[in-house]
Number of protein chains: 2
Amino acid sequence: MSDLLERLRGRGWRLTAQRRVVAEVLDGDHVHYTADEVHAKAAELLPEISRATVYNTLGELVSLGEIMEVSTDGRAKRYDPNAHHAHQHLVCSRCGTIRDVHPVGDLLAGLPAEERFGFQVAAVEVTYRGVCPGCSTA
Amino acid sequence: MSDLLERLRGRGWRLTAQRRVVAEVLDGDHVHYTADEVHAKAAELLPEISRATVYNTLGELVSLGEIMEVSTDGRAKRYDPNAHHAHQHLVCSRCGTIRDVHPVGDLLAGLPAEERFGFQVAAVEVTYRGVCPGCSTA
DNA sequence: TCCTACATTAGACGTTGTCTAAGTCAAGAT
DNA sequence: ATCTTGACTTAGACAACGTCTAATGTAGGA
């Protein structure tokens, strides 16, 4: 976390209270908040923080590769601080919970050359869908 | 296409002019329109069709499994009439063009049991990203 | 042909995200 | 320590996408 702030300072970022608070909210594993959730949690620590600043800061962190955008439901985008380790997502079809997961093998290898239509394929995003333990017993 | 209308009639659907026009717009391969694009094209055939009807009809077709919802960019959802043949999507990072593609192998097999966290995993969605031929030469 | 439950419509409303203009402040220079 | 300046933050308007409601229209069976 302070690693993150160090890196950002190294890139010429001004370290404002607002940015520190957003970074703090995004600290942790299996964190997948929407922008408005980040804003709500940030406002508990710094009540006067504005929505625009949260959106701006999230956008900047995405551009810098420090966090990932995830859209698993076509609704609000979610932000995943675990951007430095390649991973995919497992989503509960009932409650929407998201887990980070690590499939084995080369995901790109599954797409044969004749199915690439001349594209230079660079990345793959995989979303596994199922029912989580909590929802299947309920 | 008329197959589709037959199936829907069999399920108790009223065949209105509006629903026929939406079905007609969604006919074809590699079709991935947004709701508003569907509305615009439908309005060329039936000028008085309303936005609400297009949204309603698309939602019903999704519930019936006749078309698929696709969200590749976190913006507007797109609708894919090719719902009866399992497939994934290849998206151009520059222009947003979407191709239907067919990866080989069992996509679910890539997720080991210890990475399933007790979920009953039922489906996988894969989005390949790259640059299409048109955009890479330009 | 008539009836009625289902379908459609216009437009208000909700959510999510972006933009602008004015004020504020972090951090280097002095 | 204070000054200066350009980057940062703010409130609120605006935009894109989608949903909902109440009034009206109509498909298809009786």
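Lettering of chains follows the sequences in order, A, B, ..., and the numbering in each one begins at 1.
- A salt bridge links A:R19 with A:E60; the closest basic N to acidic carboxylate O contact falls under 4.0 Å.
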Enumerate all atom pairs, one protein N or O and one N or O from nucleotides 22-30 of chain D, separated by less than 3.5 Å.
| from | atom 1 | to | atom 2 | distance (Å) |
| --- | --- | --- | --- | --- |
| D:dG28 | OP1 | B:L15 | N | 3.1 |

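- Note on residues 87-127 of chain B: pairs passing ring pair (Phe, Tyr, Trp, His ring centres under 6.0 Å), not counting sequence neighbours, are B:H32-B:H89, B:H87-B:H89.
- The stretch residues 39-71 of chain A touches DNA chain C through A:R51, A:A52, A:Y55, each having a heavy atom under 4.0 angstrom from the strand.
- Across the protein-nucleic acid pair, B:E37 atom CD and D:dA16 atom P stand 14 Å apart, rounded to whole Å.
- In this structure, B:P112 and A:P103 approach most closely via the heavy-atom pair CD-CA, 4.4 Å.
- A salt bridge links A:E37 with A:R78; the closest basic N to acidic carboxylate O contact falls under 4.0 Å.
- Using a 4.5 Å cut-off on side-chain heavy atoms (C-beta onward), B:V126 and B:L107 make contact.
- A:K77 places its NZ atom 15 Å from the P atom of D:dA16, with the value rounded to the nearest Å.
- Note that CZ of B:R51 is 11.0 Å distant from CG of B:N56, once rounded to the nearest 0.5 Å.
- The ring pair (Phe, Tyr, Trp, His ring centres under 6.0 Å) analysis of residues 48-85 of chain B, with sequence neighbours excluded, yields no pairs.
- For DNA chain C, the contact window with chain A, defined by any atom under 4.0 Å from a protein heavy atom, covers C:dT15 to C:dA27 in 5' to 3' order.
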Open item on the list: One pair to check against salt bridge (charged side-chain N to carboxylate O under 4.0 Å, His left out): B:E66 and B:R11. What are the steps and the verdict?
Closed with: CA-CA 12 Å; B:E66 296 289 347; B:R11 302 212 212 187; 3.4 Å; yes

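- Shown here is B:D29, whose CG atom has no more than 12 heavy atoms of other residues, nucleotides or ligands within 6.0 Å.
- Under the rule for a salt bridge (charged side-chain N to carboxylate O under 4.0 Å, His left out), the partners of A:E125 that lie at least two apart in sequence or sit in another chain are B:R129.
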